[in-house]
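Structure, as structure tokens:
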Amino acid sequence: MNTTTLQPLTFTKNYQTAKIRLTSPILRIGGAVSQLNPYEYIQAGGKVYLPNQEALARVLLERGKLQQYIQKIEDKEDIKYLLDSIDENWQNLTDSYDNQVFPAIGISRKWVNGKISDLRPMIRNGFGEPYIPGSSIKGAMRSAIAFFLLKHREEYNTPKRISQIEAQLRQKINNGELRRKAKFADDKLFMSDLFEDFSLRYKDKNYQPRIGPYTDFLRALDISDSTPLLTKTVPNKKTGKKKTYNIPVVTEVIVSSHFNDDKAKYKASLYTEMIFNIRCEFTITLDVEMLSWFNHNQGMKLPFNSIEELVSICQEFSQIQWDGEYDYWNNINDNKDKRKNLDFESIRNFYEKEKCPYQLRLGWGTGMGGTTINWLINDDLRAQIRDTCGLKAPNFQAPKSRRTILNRDGDIRYVPGWTKLNIIN
């Protein structure tokens, strides 16, 4: 074989591209800031305000309140009363450069009854606008592809068997190599074999680079960031009725599990900024010629050659998750806990359809099932991994807990992250 050192490769124009409309009931993508303290946001009335921190500091300095603000930070207290003392209409404050202290893109509807603490914000772009990163979409698709290749091993000649992965995981547990907070299933056990163990043939030359980014066949797949998730109202062409999309809301998320008798058990409440009733667009570009350069060193066939086939793979993975979630929720008994009324009837109704209506589950709160090959691994091994790497729950299936979202009336109504992908051109 004529082997040459790999150089950066030239892109061609032989590609497929598609604009995708993404819709979702509700989801959250976390950003670099995972959690905000009480002095970093204001809750008033039915809204939560995320300030432009520079503009806020400038106004506080100009009004002689900066030292008091610093004291609030040290005491980890909210700053609403401090703002009230400056201006009763503090929501409209601007600094000396005419920057809004509380821009519209930082205001969310408050669905939470009572005081919020430790708010988890939505990711934002450089302009402060919520959006869905292309990397998040591609990461969710990578999980779907890995699941697909392992499930259909005979058809695609996948080099790893689930039994091999399970044996390696059991060995790691027995040897003490898996520890608390370790990854659920180490990528090194199989991901590089699936995505990076490729040689490349380009312009009649064969390349055998070191396994890494150059040999990852998903180099041929580019996914753009979504359009900003800005609130907009769109009239329905058929009915004439208007519908509002991309509504930022601050929600209470219930973390629940169950007892031995499958009665629901309340664990905790988390407060998150999410986007409700999402509708946005992004672009998928598949460089078909680049994809043809990749030849798997162990003879594995590529799982897709078109955008349509990729979406179909995501749909299959979603169906497996959907069926698993249906089974989970239909085995849980409601419980009027002292702290929360754990009535999951709306969640059971959500999963009632036999065919999953969504193509991808992404973002925060999707759990092991949405981000790993969890559903292919034996139940008892999943539980062992959970007990080794996370919180122990002997004799319970893994994962044991789930996250559900309360609506504005305080009822458990939503699960996060389910998205539809519609090719619109």
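With hydrogens and angles ignored, the 3.5 Å screen pairs a side-chain donor or acceptor of Lys301 with a backbone N or O of Glu155. Looking at Thr239, its side chain does come within 3.5 Å of a backbone N or O of Lys241 through a donor-acceptor pair. In this structure, the side chain of Glu40 does not engage the main chain of Leu36 through any donor-acceptor pair within 3.5 Å. Judged by distance alone, with hydrogens and angles left aside, the side-chain atoms of Thr227 form no donor-acceptor pair with the main-chain N or O of Cys280 at under 3.5 Å. In this structure, the side chain of Thr215 engages the main chain of Glu196 through a donor-acceptor pair within 3.5 Å. With Ser312 contributing its side chain and Glu308 its backbone, the two residues share no donor-acceptor pair below 3.5 Å. In this structure, Thr388 contributes its side chain and Gln384 its backbone to a donor-acceptor pair below 3.5 Å. Here the side chain of Arg120 pairs no donor or acceptor atom with the backbone of Gln35 at under 3.5 angstrom. Thr404 places no side-chain N or O within 3.5 Å of a backbone atom of Tyr414 that could act as its donor or acceptor partner. With hydrogens and angles ignored, the 3.5 Å screen pairs a side-chain donor or acceptor of Lys138 with a backbone N or O of Leu221.
Side-chain contact, Arg386 with Gln397: no donor N or O sits under 3.5 Å from an acceptor N or O. With hydrogens and angles left out, the side-chain atoms of Trp111 and Asn407 include no donor and acceptor closer than 3.5 Å. Between Asn37 and Tyr39, the side chains place a donor N or O and an acceptor N or O closer than 3.5 Å (distance only, hydrogens not considered). Using modelled atom types and a 3.5 Å distance limit, the side chains of Ser226 and Glu281 yield no donor-acceptor pair. Side-chain contact check for Ser269 and Glu252: at least one donor-acceptor pair (N or O, by modelled atom type) lies under 3.5 Å. For the residue pair Gln315 / Lys355, no side-chain donor-acceptor distance below 3.5 Å is found, with atom types taken as modelled. Checked by atom type, the side-chain pair Thr94/Tyr97 shows no donor-acceptor distance below 3.5 Å.
The existence of a salt bridge linking Arg109 and Glu273 is excluded, since no basic side-chain nitrogen approaches an acidic carboxylate oxygen closer than 4.0 Å. Using a 4.0 Å cut-off between a side-chain N of Lys or Arg and a carboxylate O of Asp or Glu, Lys115 and Asp78 qualify as a salt bridge. The pair Asp334-Arg348 meets the salt-bridge criterion, with a side-chain N (NZ, NE, NH1 or NH2) lying under 4.0 Å from an Asp/Glu carboxylate O. A salt bridge does not link Arg124 with Glu129: none of the charged nitrogens is closer than 4.0 Å to a carboxylate oxygen. Here Lys151 pairs with Glu316 in a salt bridge; the nearest charged N to carboxylate O distance falls below 4.0 Å. The pair Arg402-Glu325 meets the salt-bridge criterion, since a charged nitrogen lies less than 4.0 angstrom from a carboxylate oxygen. Taking a cutoff of 4.0 Å between a charged side-chain nitrogen and a carboxylate oxygen, Asp216 and Arg219 do not qualify as a salt bridge.
Nearest heavy atom pair, residue Arg403 against residue Val253, reads CB-CG1, 3.8 Å. In terms of heavy atoms, Ser143 sits closest to Gly370 at CB-O, 4.2 Å. Nearest heavy-atom pair, Pro228 versus Tyr131, reported as atom, atom and distance to 0.1 Å: CA-CB, 4.4 Å. Closest approach of Ala264 to Asn335, counting heavy atoms only: O-ND2, 2.9 Å. In this structure, Leu83 and Leu93 approach most closely via the heavy-atom pair CD2-CD1, 4.4 Å. Contact record, Ile26 with Val249: CD1-CG2, 4.3 Å, taken as the closest heavy-atom pair.
For Arg279 and Tyr245, the positive end sits near the middle of the six-membered ring, less than 6.0 Å away and at most 45° from its axis.
Ring geometry for Trp418 versus Tyr358: interplanar angle of 30 to 60°, hence tilted. Ring pair Phe317/Phe147 is tilted by interplanar angle, where 30° to 60° counts as tilted.
At a threshold of 4.5 Å between non-hydrogen side-chain atoms, the residues Ile284 and Thr17 do not count as touching. Looking at heavy atoms from C-beta onward, Val234 lies out of side-chain contact with Lys243 at the 4.5 angstrom threshold. By the 4.5 Å heavy-atom criterion applied to side chains, Phe190 and Leu149 are not counted as neighbours. Between Asn246 and Leu230, the closest side-chain pair of non-hydrogen atoms is not below 4.5 Å. Looking at Pro416 and Ile405, their side chains come closer than 4.5 Å, going by heavy atoms from C-beta outward. Two residues are said to be in side-chain contact when any heavy atoms from C-beta on lie closer than 4.5 Å; Lys267 and Ser401 meet this criterion. Proximity of Arg142 to Phe195: side-chain heavy atoms (C-beta onward) are separated by under 4.5 Å at one or more points. Put simply, the side chain of Ser306 reaches to within 4.5 Å of the side chain of Gln16, judged on heavy atoms.
The distance from atom OG of Ser34 to atom CD1 of Ile123, rounded to the nearest 0.5 Å, is 12.0 Å.
Aromatic ring centroids of Phe350 and Trp329 lie 6.0 Å or more apart. In this structure, His258 has its ring center closer than 6.0 angstrom to the ring center of Phe396. For Phe148 and Tyr156, the gap between ring centers is short of 6.0 Å.
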Next item on the list: Decide yes or no on side-chain contact (heavy atoms from CB on, under 4.5 Å) for Leu406 and Ile254, but give the supporting numbers first.
Entry: CA-CA 7 Å; Leu406 303 184; Ile254 299 296; 3.9 Å; yes

Next item on the list: Could you walk me through whether Val415 and Arg361 pass the side-chain contact (heavy atoms from CB on, under 4.5 Å) test, one step at a time?
Entry: CA-CA 10 Å; Val415 288; Arg361 198 175 185 196; 4.1 Å; yes

Item checked: Test ring-ring contact (aromatic ring centres under 6.0 Å, His included) applied to Trp322 and Tyr351, step by step -> CA-CA 7 Å; Trp322 187 264; Tyr351 285 112; 4.7 Å; yes

Next item on the list: Would you sort out whether Arg339 and Asp337 count as a salt bridge (Lys or Arg N to Asp or Glu O under 4.0 Å), showing the intermediate values?
Entry: CA-CA 5 Å; Arg339 293 165 291 179; Asp337 190 276; 3.5 Å; yes

Next item on the list: Any chance you could lay out the ring-ring contact (aromatic ring centres under 6.0 Å, His included) test for Trp90 and Phe102, step after step, and finish with the verdict?
Entry: CA-CA 9 Å; Trp90 51 262; Phe102 300 99; 5.2 Å; yes

Next item on the list: Carefully, step by step, assess Ile373 and Ile162 under the rule side-chain contact (heavy atoms from CB on, under 4.5 Å).
Entry: CA-CA 9 Å; Ile373 60 165; Ile162 286 296; 4.2 Å; yes

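Around atom NZ of Lys72, more than 12 heavy atoms belonging to other residues, nucleotides or ligands sit under 6.0 Å away. The environment of CD in Glu74 is crowded: more than 12 heavy-atom neighbours from other residues, nucleotides or ligands sit within 6.0 Å. Other residues, nucleotides and ligands contribute more than 12 heavy atoms inside 6.0 Å of the CG atom of Asp261. Around atom CZ of Arg161, no more than 12 heavy atoms belonging to other residues, nucleotides or ligands sit under 6.0 Å away.
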Taking distance alone, no hydrogens or angles, what donor-acceptor pairs closer than 3.5 Å link side-chain atoms of residues 42-60 to residues at least two apart or in another chain?
from, atom 1, to, atom 2, distance (Å)
Gln43, OE1, Lys110, NZ, 3.1
Gln43, OE1, Ile116, N, 3.0
Gln43, NE2, Ile116, O, 2.9
Asn52, OD1, Glu54, N, 3.1
Asn52, OD1, Ala55, N, 3.1
Gln53, OE1, Tyr69, OH, 3.4
Arg58, NH1, Asp95, OD2, 2.5

